[in-house]
There are 2 protein chains.
Amino acid sequence: MKLPPANSLIAYEAAARHSSLTLASRELGVTHAAVSHQIRQLESWLGLELFRREGRGLALTEEGRALGETLTDCLRQIETRCRSLRRAHQPGALTIASLPSIASRWLIPSLPDFQAAHPDIAIRVVYAHARDTLADLDADLAIALKEAKDPGLTSRRLLSRINKPVASPHYLARSGALGSPSEIARATLLHDEDPLHWLNWCRKAGVQPAPSMTGPIFQDFNLLATAVIAGHGVALCPVDVFAREIAQGDLVVLSDISILEDEAYHLVMPSWLPAEARLFADWLIGVMKSAARS
Amino acid sequence: MKLPPANSLIAYEAAARHSSLTLASRELGVTHAAVSHQIRQLESWLGLELFRREGRGLALTEEGRALGETLTDCLRQIETRCRSLRRAHQPGALTIASLPSIASRWLIPSLPDFQAAHPDIAIRVVYAHARDTLADLDADLAIALKEAKDPGLTSRRLLSRINKPVASPHYLARSGALGSPSEIARATLLHDEDPLHWLNWCRKAGVQPAPSMTGPIFQDFNLLATAVIAGHGVALCPVDVFAREIAQGDLVVLSDISILEDEAYHLVMPSWLPAEARLFADWLIGVMKSAARS
DNA sequence: GCTTCATGTCAAAAAATCTAACAATTCAGA
DNA sequence: TCTGAATTGTTAGATTTTTTGACATGAAGC
């Protein structure tokens, strides 16, 4: 294998990603002069221009863009691998990043079972948001909405994200039965961060959204969950996530008209996993499977 | 992005690939001590052992193997990209590595058309063997038997490799018509490097291979081609490669019993191509397509 | 036209990498 | 069991590379 000087590749990758020597130098913790040198070195090794210097600011050439993409891809992959190895060495410590909904409804309640079976593995759970990637989170495993396409990462489907309107029996007792979409649309609608969800549902159900569309908006999904279980109104919830509450009659599904039926919750992890993490991943998938059966 | 020292990764990759510091140091053109240093550095950055030192020789730990694989993959990808960029800069010079059969039957005969349309692009054709990879060949494009699975490489199917028995009209005039498999099996069989091909064909046709199975063996496919056209005997040839000769009656297909019907010739290239190379690739695919139609 | 921001350049300083020589270990064969 | 060849480990010092800091240059915005 005959590669350009490795450090020049690192420097170039950062510079290409930022389209800026200054930002790259800041990221790398060196001066801009150092980055400039490294890039010169790479350019002279390749015998071509990677940037067009345009006074203030850099513009990537076509070749530069191509190289930058490859480098970003590959380095990110290497970074992911190094991270997971590094953590793997902390014996028996495991960090799981999870969307709040799955964390509070599935992960935390089931965790004691896992702990009982593997008391030597220390589990740490951190919140993840929909946009976070595994690398950002500094976690061994992530529960996310999107499958990872990055090579070096593997995804396993956990639960469907299919959303239907649900309410508590208490609320229904007060409001009267909500049989039809138009009755639902006139109820107190509880929103998560994205008010478009109810709007989409109404459109799909073919009903006019009522003025009360401007119901309470809950930043955290778990606040919404608490509110709907407490009987504050009707919420659009992923029914698989609330399978237990629905089975026990604490929540009632009001309609089979659904949104987000094509999305799903996924477990995202590096393709190579240390033993503890693999153990945990298999266990979690098992929990979800048996839950889906029941 | 937070990566270990880049040079230590390069050194480790080579050491892991060879399972040897000495071989790695030779590849990198440094002393073994230097490689040893780099690997120590990487190990201490990661906080784990990558090798178990076993007296003479190294044994990779599980973590070491995992990291080594990722690194080899990624670095190879980067190398391919750098190579193609480097060559891209040689203005208008294009190297095509081709299997001898395609080179002499399709590439060389069609090349004048391309040259006429693009007189400024200098084409260099080199021989490739079935086992060579694009990176080994130092070429912009390769015509090979296998699709490239390496990310960063793209493959396009060119021609089927389906092989059938063919002979020249002269030979048939001398030998009499060869209508049945058993008659073919008793003819003078011309072999390429792999005598198993005729054996497989006989098995498929349900006939006993004759003692004359020990016919002439031609190292280079083009020698075989010359021999069969000159009327020396019957050869198993990829009919698509000889489409022109067959259409003009210089070769006659003796049977529809075929071997290698699932294999194909492919054009293998980096996913990103300089303009000239892309031009050539599109042209070549066009030539093959129009040939297949006629 | 002046200021600001970003990159380019250079020599000197700092840091890293590498080498050379020797030690230690293993393996194969005498 | 001994010996020699092959391989890795270790160290201090030499070498090379990288980085810095200070200043220069050029473009965009006011």
Side-chain angles (χ1 to χ4, degrees), chain A residues 1-61 63-65 67-68 71 75 78 82, chain B residues 1-61 63-65 67-68 71 75 78 82:
Chain A
M1 266 199 230
K2 196 77 197 135
L3 285 164
N7 289 321
S8 70
L9 291 173
I10 307 281
Y12 174 70
E13 191 276 333
R17 187 153 32 82
H18 291 120
S19 277
S20 155
L21 293 191
T22 307
L23 293 182
S25 69
R26 221 164 278 163
E27 172 178 319
L28 299 170
V30 295
T31 58
H32 70 94
V35 176
S36 176
H37 275 313
Q38 294 287 358
I39 288 170
R40 295 286 159 163
Q41 189 183 14
L42 180 58
E43 286 183 324
S44 84
W45 192 92
L46 290 170
L48 53 81
E49 279 216 313
L50 263 8
F51 290 119
R52 245 165 303 115
R53 274 76 174 172
E54 296 189 335
R56 140 153 83 176
L58 301 174
L60 287 160
T61 60
E63 290 88 353
R65 204 188 38 72
L67 179 60
L71 286 174
L75 296 185
I78 292 171
C82 287
Chain B
M1 266 201 228
K2 195 77 196 135
L3 285 164
N7 289 321
S8 70
L9 291 173
I10 306 282
Y12 175 70
E13 191 276 334
R17 188 152 33 83
H18 291 120
S19 278
S20 157
L21 294 191
T22 307
L23 293 184
S25 69
R26 223 164 277 163
E27 172 178 320
L28 299 171
V30 295
T31 58
H32 70 95
V35 177
S36 176
H37 275 315
Q38 294 288 359
I39 289 171
R40 295 287 160 161
Q41 189 183 16
L42 181 57
E43 286 183 325
S44 85
W45 192 93
L46 290 169
L48 51 81
E49 278 215 314
L50 262 9
F51 291 120
R52 247 165 302 116
R53 274 76 174 172
E54 296 189 334
R56 140 152 84 175
L58 300 174
L60 287 160
T61 60
E63 291 88 354
R65 205 187 38 71
L67 179 60
L71 286 175
L75 296 186
I78 293 172
C82 287

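So you know, we letter chains A, B, ... as the sequences are listed, proteins then strands, and number each from 1.
To the nearest 0.5 Å, atoms CD (B:Glu43) and CD (B:Glu63) are separated by 10.5 Å. One distance of note links CG of A:Leu71 with SG of B:Cys82; it measures 6.5 Å at 0.5 Å rounding.
Here D:dT17 presents its C1' atom at 8 Å from CD of A:Gln41, a figure rounded to the nearest Å. Computed from coordinates, the A:Asn7 CG to C:dA15 P distance equals 16 Å when rounded to whole Å. Between the CG atom of A:Leu42 and the P atom of D:dT18 there is a distance of 12 Å, given to the nearest Å. Rounded to an integer number of Å, the gap from CD1 of B:Ile39 to P of D:dT8 is 9 Å. Rounded to whole Å, atom P of C:dT7 lies 8 Å from atom CG of A:Leu23. Following rounding to the nearest Å, A:His37 (NE2) and C:dG8 (C1') show an atom-to-atom distance of 9 Å. Across the protein-nucleic acid pair, A:Arg26 atom CZ and D:dT20 atom P stand 14 Å apart, rounded to whole Å. The CG atom of B:Leu58 sits 13 Å away from the C1' atom of D:dA6 (whole-angstrom rounding).
With the nearest nucleotide of DNA chain C identified for both B:His32 and B:Gln38, B:Gln38 has the one nearer the 5' end.
With D:dT8, D:dT10, D:dG21 as the choices, the nucleotide that has an atom nearest any side-chain atom of B:Thr22 turns out to be D:dT8.
Using a distance-only test at 3.5 Å, with no hydrogens or angles considered, no donor-acceptor pair links the side chain of A:Ser25 to the main chain of A:Val35.
Of all heavy-atom pairs between A:Gly64 and A:Tyr12, the closest is O-OH, 2.6 Å.
At C:dT9, one or more side-chain N or O atoms of A:Arg40 fall inside 4.0 Å of OP1 or OP2 (strictly under the cut-off). Contact between the side-chain N/O atoms of B:Thr31 and the OP1/OP2 oxygens of C:dT19 is found at a separation under 4.0 Å. At the phosphate of C:dG8, OP1 or OP2 sits under 4.0 Å from a side-chain N or O atom of A:Ser36.
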